Amino acid sequence: MALRIYNTLTRRKEEFVTLAPGRVAMYVCGPNLYGPSHVGHAMSYLVFDVIRRYLEYRGYRVTHVQNFTDVEDRIIEAARGEGTTIQALAARYIDRFLREMDGLGVRRADHYPRATETIPQMVQIIQELERRGLAYAVDGDVFYRVTAFPGYGRLSGRSLDEMQAGARIEVDPRKEHPMDFVLWKAAKPGEPAWHSPWGPGRPGWHIECSAMSIAMLGPQLDIHGGGQDVVFPHHENEIAQSEGYTGRHPFVRFWVHNGLLRLTADEEKMTRHLGNIVSIREALRRFHPDTIRVFVLSSHYRSPTLWSPEALEAAARGAERLRTAVENADDLLASTARPAAAAAEMARPFAELAEAAGDGGAAIRARFEAAMDDDFNAPGGLASLFDLASAVNRAVDAAARRRAGLTEEQREVLGRGVARLRELGAVLGLRLVATATPAQAAALYRLAQELSRERPDLFDPARLRSVPQPAPEPAAGEDAGSDPGPSADVAFRPLVEMVAEGRVRARRAKDWATGDRVRARLAELGVLLEDTPDGFKWRVR
RNA sequence: GGCGACGUAGCCAAGUGGCAAGGCAGGGGUCUGCAAAACCCCCAUUCGGCGGUUCGAAUCCGCCCGUCGCCUCCA
């Protein structure tokens, strides 16, 4: 079956055909670097990360370009407010942005062009537009002449007349038409400026994406992405600029726009100037990256979505379900203690798992691809993963009920099931590996200290001293701490094991009260201890 | 005001003509010292409302109600 993608330009799903066979040129509008990014940005970049991963899974070679807007009114304003330069401000937020993307598991783009590094190309484009009668200069400013570009308004589905009628802002009287937009701004005193044929100035916002995408990917793109809020005017203007300059049509084959995130039901979209945001850093402190992904992928990328505690909690439980299936299957595959048994009760779940994990028409892979081929229907793809996890769980459960080890064949089937779950999970960017947050590691260390002080007979103080102390928990406060991602695993494992083994000693002595108390304390930290016939198991929420 | 989306169980959410995926929550059971996880069973005769087209509609058409986006910086 062929991949179909909804194209904002045509308002239809269209079969995905690339300009060059097997290759995809994809440009995604990146952040303006005037401040920290929020989970609305994260949602957009997660969506395009999954699109990129799926295209690569489908065999395309994707060149993924994402820009950084590092000169713009707000950045200048923010830098001035902090008494720093736009360069220093941009450098700081780029560094932070990339760490946050890493924390979310967003794969890095192939190129991250920056507006300030593309000024000569912008000047060249503006000059050419001027030469072609598509732009005009007034007092050091240069405007785009929208009436000279026939297709203006097509992407956003509106006509110049409508927009003129609905205009709500004061129009610069120097503009020939109210919808003309600025390509180049004359510098005001004290502002960063570059030399140009029109005098010192800086680029307008829209021109940078035309210049950067043409410079990195050529005159035509396969996919250009962004949030639905940049359809107009940003992307509309990009078409006018790029096609006006290159004369090539279409500038973009597929315009892909994600729906916007809202913070609460009675508020509008999450946006920095309204202040109704949850920063990516804050989200990563509170949630496993898989939780954030499952949340985002639970609704279709074009639907508007609500960032709600209930939905995040459901996503956390869902991510945990997938992760637990992988962990439990791995544990069974790793254990060799029990004799293999090909019990009759085990035949059916293993046969069903074999089918689900295979490559036939009823297999999970086929369902996954059918969903993703239909305009990246990630909720459908995710649903198929849950069904695969259930099949894995049923096989593991059958073996557990028989208290049986696995035959070679069963081992092979289960191994294939888990491998498939990991493989398709990775296409959605899911790690399916538990990670603890720095806060959890710090709290666990305190618990271990407390226990070894109270009951040194059970919880060995010498052992605690041999465990590296985790980095202190970053203070609350937006800019505190430099690392947003979960990174505490090194110190975490020995700590959990030290505490859990002490609890084993207590339980061996039938001291259920101590055992239950320790389990409850760990649970408060998000560490779940489970007792199995083969000893304890633990996992992180 | 103009343009465009959307409205599916307690919550989140797929499904765009043939008897309503999946997740979370909830109820009952198996397992367990107690738990947890997992497994089994149950949980929308119904898809905002009213009409229409059709043998047949959540899915197509019309009207109404509600929500959201864009029209201005914005992922």
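Heavy-atom basis, side chains included; hydrogens, waters and symmetry copies ignored. As the structure is a prediction and not an experimental result, all values here were calculated from the model. Residue numbers begin at 1 in each chain, while the letters A, B, ... track the order of the sequences.
Put simply, the side chain of A:Arg394 and the base of B:C39 share no donor and acceptor less than 3.5 Å apart. Side-chain to base pairing of A:Arg507 with B:G33: one donor and one acceptor N or O lie within less than 3.5 Å of each other. For a distance-only test at 3.5 Å, the side chain of A:Arg519 qualifies as a donor-acceptor partner of the base of B:C34. In the interface, the side chain of A:Lys269 is paired with the base of B:C74 through a donor and an acceptor atom under 3.5 Å apart. Looking at A:Asp516, its side chain comes within 3.5 Å of the base of B:G33 through a donor and an acceptor atom. With hydrogens and angles ignored, a donor-acceptor pair under 3.5 angstrom links the side chain of A:Arg401 to the base of B:C39.
Looking at heavy-atom distances under 4.0 Å, A:Gly30 makes contact with sugar-phosphate atoms alone, never a base. Among the atoms of the strands shown, none is found under 4.0 Å from any heavy atom of A:Val231. Using a 4.0 Å heavy-atom cutoff across all strands shown, A:Leu261 reaches at least one base atom of the nucleic acid. Residue contacts shown for A:Ser37 are absent, as no nucleic acid heavy atom lies under 4.0 Å away. Counting any heavy atom pair closer than 4.0 Å across all strands shown, A:Ser298 reaches sugar-phosphate atoms only and no base atom. As judged by a 4.0 angstrom heavy-atom cut-off over every strand, A:Gly318 is placed among residues touching the sugar-phosphate backbone only.
An aromatic stack links A:Trp512 and the base of B:G33, using centre distance under 5.5 Å and interplanar angle under 30°.
Using a 4.0 Å cut-off, some side-chain N or O of A:Trp205 falls inside it from OP1 or OP2 of B:C74.
Using a cut-off of 4.0 Å between Lys/Arg side-chain N and Asp/Glu carboxylate O, A:Glu327 and A:Lys537 are scored as not salt-bridged.
Between A:Trp307 and A:Phe295, the angle of the ring planes goes over 60°, which puts this pair in the perpendicular group of the 30/60° scheme.
Both A:Ser308 and A:Gly157 lie close to RNA chain B; mapped to their nearest nucleotides by heavy-atom distance, the more 5′-ward contact belongs to A:Gly157.
The distance between the ring centers of A:His235 and A:His257 falls below 6.0 angstrom. Side-chain rings of A:Phe97 and A:Tyr45 approach one another, their centers coming within less than 6.0 Å.
Under the Watson-Crick or G-U wobble criterion, with both distances below 3.5 Å, B:C34 has no partner in any strand shown. Nucleotide B:C68: paired with B:G4 (Watson-Crick or G-U wobble, both distances less than 3.5 Å).
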